[in-house]
Amino acid sequence: MTDLTELTATRLLDGYRKGEFSPEDATRAALDRAERIQPEVNAFVRLLPDEALARARDSAERWRRGEPTGVLDGVPVTVKDIILLRGSPTLKGSRTVVPGGRQDEDAPSVARLREAGAVFIGKTTTPEFGWKGVTDSPAHGVTRNPHDPGRTAGGSSGGAAAAVALGAGPLALGTDGGGSVRIPAAFCGIFALKPTYGRVPLYPASAFGTLAHVGPMTRDAADAALMLDVIGVPDARDWSALDGAPGSFAAALGGGVRGLRVGYSPSLGGQVAVRPAVAAAVRRAVERLAGLGAYVEEADPDFTDPVDAFHTLWFSGAARVTERLGPAQRALLDPGLREIRAAGARLSALDYLAAVDVRMELGRRMGRFHERYDLLVTPTLPITAFEAGAEVPKGSGLRRWTGWTPFTYPFNLTQQPAATVPVGTDGDGLPVGLQIVAARHRDALVLRAAHALYEAGFTAGGS
C-alpha cells in the first residue's frame with residue numbers, strides 16, 4: 001500500500017486527480033506522522049487536526065466534483081511560527097509574546113496557499129524571533145535532526161525542515177534572513193529555495209528589514225516551483241513586493257542545464273574551511289552538472305567575508321524586534337539574543353549606513369560575476385549537523401552562528417535567489433547540501449538546475 005507521507009505534492013495531486021486516494025487520506029497520514037515524530041524531534045509548536053481535517057473534507061468533495069479550487073487543493077502544508085496563520089497565535093518562539101493579536105489575518109503567502117486549497121496541519125518551531133541558525137527557544141525547547149536526534153535540525157526554519165524530511169506534510173513555509181531555509185534543509189536532507197527578495201510578499205514587515213525572505217521547503221525542486229507559483233504573487237500589504245513572474249516556475253523546470261555557465265566555488269577562494277566529506281559530495285554533484293552539459297569551471301566570486309556588515313544589520317534588527325520589552329521581559333529572552341540585541345542597540349545610523357554601503361558593493365560584485373556565469377555553485381554549509389541545543393559546534397572556537405554559515409548570509413545581503421539541494425551524506429549518514437545561486441530575478445534558473453539534478457537521480461536526502 002502507498003505510504004502517503006512519502007509522496008511529493010505533485011504525486012499527491014496526481015493521486016487525487018485519478019481517485020487513488022483523497023485529501024482526507026493524505027491529511028490524516030500527515031497528522032499521524034506529525035504526532036509520532038513530535039516527541040523525538042519537536043518540529044511543531046502546535047498541530048491543527050480539526051481545522052486541517054475540515055479543510056481536507058471540503059477539498060475531497062471538490063475533487064469528487066472535478067472542481068479543485070487551485071493547484072494545491074488538498075495538499076498538507078506547515079507554516080513556520082513566525083508567519084501569520086489565521087486562527088492560530090504566532091508566538092515566534094518567545095516567552096515575551098502574549099497569544100493574541102492578528103489571529104484574524106493570514107500573511108500573504110498563507111493567504112495565497114489558502115486560496116489554492118492547501119491544508120494547514122500545524123505551526124512549526126523557530127528559535128526566538130528567528131534570530132539564529134539552529135532551532136531551540138526558551139518557549140518551545142530544542143528541535144532535533146530527523147537523521148540523528150542528538151544533532152540539530154538547523155534553523156531558523158528547523159521545525160519546517162524536520163517536518164518535511166519525516167513526511168509530516170510535503171510542503172512547508174519558512175523564512176530566511178541569513179540562511180534560515182537553506183541551513184535546516186541542508187542539515188535535514190530536503191530542498192529549499194530563498195527566492196529573490198520581494199518575489200514572495202512579506203507582511204508584517206520583518207524587523208530584520210530587506211534581509212528577510214519567505215520561501216518554500218519541500219521534498220524536491222518540482223514541488224518548490226509549484227509552491228512558488230502560488231505564493232510568488234504581489235500583495236498590497238508589502239510595498240516592496242515584485243510584480244508577478246512573467247511565467248510559471250513549474251512550467252519552466254524542464255530546460256536542463258546544457259550550455260549553462262556554472263562557476264563552482266568550493267571555498268569562496270580559500271576563505272572557508274570545508275570538511276572533506278562535504279567537499280567530496282559537493283564536487284561529485286558539480287561533476288554531474290558538467291555531465292549533464294553545463295560548462296563548469298572553478299571560479300570564486302570577488303568578495304571577502306561580509307560578516308561584519310551582516311552583523312550590523314542583523315544585530316540592529318534584533319534590537320528593533322525587542323526594543324519595547326522592559327527589563328523583566330528581556331530577562332526571559334534567549335541569552336544569545338540578549339547579547340546581540342544589546343550590541344545592536346549600541347550601533348549608530350552611520351554604522352548602519354556603512355553596512356548598507358558594503359551590501360551595495362557586494363551586490364555590484366555579484367552582478368559582475370553573473371555577467372560571466374549563469375550560476376554560482378557552492379556547498380550550502382561547510383559542515384554537517386552538530387549537537388542539538390548549541391549555537392555553534394562544541395570546540396569550534398566560534399562565537400556566533402554566522403561563523404559556520406559563510407556560504408548563506410552573503411546572498412541575503414545581495415537578495416539573490418539561492419537554493420539548497422541534498423547531494424549525499426557524510427560518514428555519519430548526515431546530509432550534505434549543494435547551494436545554487438543565480439542573479440536576482442532568475443529564480444526559474446535556480447529551480448531548473450536543481451530539477452535537473454533530481455531528474456538525473458543524483459540527489460540524496462529525506463528520511
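As the structure is a prediction and not an experimental result, all values here were calculated from the model. All heavy atoms count here, side chains included; hydrogens, waters and symmetry mates do not.
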- Query: Measuring from E35:CD to F44:CZ, what's the distance to the nearest 0.5 Å?
  - Reply: 10.0 Å
- Task: Drop me the distance from E40's CD to Q38's CD, to the nearest 0.5 angstrom.
- Result: 11.0 Å
- Pair R368 + D302, salt bridge at N-O below 4.0 Å: no
- Query: Under 3.5 Å, is there a donor-acceptor pair between the R36 and T5 side chains?
  - Reply: no
- Counting heavy atoms not belonging to R338, are there more than 12 under 6.0 Å from its CZ? yes
- Task: Verify salt bridge (charged side-chain N to carboxylate O under 4.0 Å, His left out) between R237 and D106, making sure each step is shown before the conclusion.
- Result: CA-CA 11 Å; R237 293 171 291 176; D106 285 330; over 6 Å; no
- Single hit among R182, K194, K80 for salt bridge (Lys or Arg N to Asp or Glu O under 4.0 Å) with D176: R182
- Heavy-atom closest contact (G429 atom, H147 atom, distance): O-ND1, 4.1 Å
- Item | Spacing of I121 atom CD1 and L48 atom CG [to the nearest 0.5 Å] | 8.5 Å
- Task: May I have the step-by-step check of side chain to side chain contact (heavy atoms under 4.5 Å, CB included) for R114 and R86, ending in yes or no?
- Result: CA-CA 10 Å; R114 192 183 297 278; R86 192 173 74 213; 3.5 Å; yes
- Task: Inspect the contact between E455 and R448 and indicate whether a charged nitrogen and a carboxylate oxygen are less than 4.0 angstrom apart.
- Result: no
- So, do F129 and T322 sit near enough that their side-chain heavy atoms are less than 4.5 Å apart? yes
- Ring geometry between F208 and W314 (parallel below 30°, tilted from 30 to 60°, perpendicular above 60°): parallel
- Is it true that E6 and R219 have a side-chain N and a carboxylate O under 4.0 angstrom from each other? yes
- Are R400 and E339 close enough for a salt bridge, meaning some N to O gap below 4.0 Å? yes
- Distance-only polar pair, side chains of T125 and T143, donor-acceptor under 3.5 Å: yes
- Pair T196-D443, side-chain donor/acceptor within less than 3.5 Å: yes
- Task: Consider only side-chain N and O atoms of Q435 and T378, and report whether a donor and an acceptor are under 3.5 Å apart.
- Result: yes
- Query: Quick one: do D220 and R11 make a salt bridge, cutoff under 4.0 Å?
  - Reply: no
- Closest heavy-atom pair, I83 versus T90, reported as atoms and distance to 0.1 Å, is O-OG1, 3.6 Å
- Item | F303 and F411 aromatic ring geometry - parallel, tilted or perpendicular at 30°/60° bounds | perpendicular
- Basic-acidic side-chain contact under 4.0 Å: D81, R46: yes
- Stepwise salt bridge (charged side-chain N to carboxylate O under 4.0 Å, His left out) check, E361 with R365: CA-CA 6 Å; E361 174 60 16; R365 289 171 182 262; 2.9 Å; yes
